[in-house]
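The next block holds one structure in the form of structure tokens; read it before the comments.
Since we're looking at a predicted model, the values are computed, not measured.
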Amino acid sequence: MTIKERYQSKTPRFFKKLRNIGLGITAVAGALLTAPVALPALVVSVAGYGLAVGTAVSAVSQVVTKADDQAAEVLDDPKGKSTQK
């Protein structure tokens with residue numbers, strides 16, 4: 001399986017939530033690091049770590065795929081919730 005196929009295949013629900021949490025952490029950390037005001041060194045340091053962690057969590061969660069037999073059993077409904085047969 002190539003990286004392109006991994007990115008285009010379905011992601012399990014847990015990892016979709018984890019990906020979104022990582023993106024949120026990255027957004028908050030990026031906003032803190034680019035703020036036009038001087039922030040305490042501790043806040044800037046924590047934001048730097050948050051940016052690294054959020055980016056790693058989002059990237060890893062995006063490339064997790066469902067197994068072929070598991071993907072065939074799980075059906076996604078139009079509301080985005082998956083149900084099993």
Side-chain angles (χ1 to χ4, degrees):
M1 179 179 275
T2 64
I3 292 178
K4 182 179 178 183
E5 290 171 346
R6 258 186 197 277
Y7 268 98
Q8 292 176 345
S9 63
K10 291 190 174 196
T11 304
R13 281 179 60 185
F14 171 75
F15 287 100
K16 285 181 183 178
K17 290 180 184 176
L18 197 61
R19 178 192 62 200
N20 292 337
I21 290 170
L23 289 174
I25 292 171
T26 303
V28 170
L32 287 174
L33 288 175
T34 58
V37 295
L39 295 172
L42 177 66
V43 173
V44 173
S45 178
V46 169
Y49 288 120
L51 188 67
V53 169
T55 303
V57 166
S58 298
V60 170
S61 297
Q62 181 61 41
V63 294
V64 174
T65 61
K66 291 181 181 176
D68 289 338
D69 56 338
Q70 184 182 13
E73 293 178 2
V74 177
L75 300 174
D76 288 335
D77 67 355
K79 293 180 181 178
K81 296 178 181 175
S82 62
T83 57
Q84 295 202 353
K85 283 185 178 177

Inset, instruction - Could you grab the distance from atom OG1 of T11 to atom CZ of R6, nearest 0.5 Å is fine? - result: 10.0 Å
Inset, instruction - Would you list the pairs meeting side chain to side chain donor-acceptor pair (under 3.5 Å) in which at least one residue belongs to residues 18-45, sequence neighbours left out? - result: R19-Q62
Inset, instruction - Using the rule that two of Ile, Leu, Val, Met, Phe, Trp, Tyr join whenever any of their side-chain heavy atoms come within less than 4.5 Å, decide whether V28 and V53 are in one cluster. - result: no
Legend entry - Approximate separation, where rounding is to 0.5 Å, of K16 NZ and K10 NZ: 7.0 Å
Legend entry - Smallest separation among heavy atoms of S58 and G22, with atom names: OG-C, 3.1 Å
Inset, instruction - Could you tell me which non-hydrogen atom of A29 sits nearest to which non-hydrogen atom of A47, and how far apart they are? - result: CB-O, 3.2 Å
Inset, instruction - Would you mind reporting whether I25 and V57 have side-chain heavy atoms less than 4.5 Å apart? - result: no
Inset, instruction - Taking all non-hydrogen atoms of both residues into account, name the closest pair between V43 and L39 and its distance. - result: CG1-CD1, 4.2 Å
Legend entry - All side chain to side chain contact (heavy atoms under 4.5 Å, CB included) counterparts of V46, not counting sequence neighbours: L42
Inset, instruction - Report yes if the side chains of V44 and L33 come closer than 4.5 Å at any heavy-atom pair, otherwise no. - result: yes
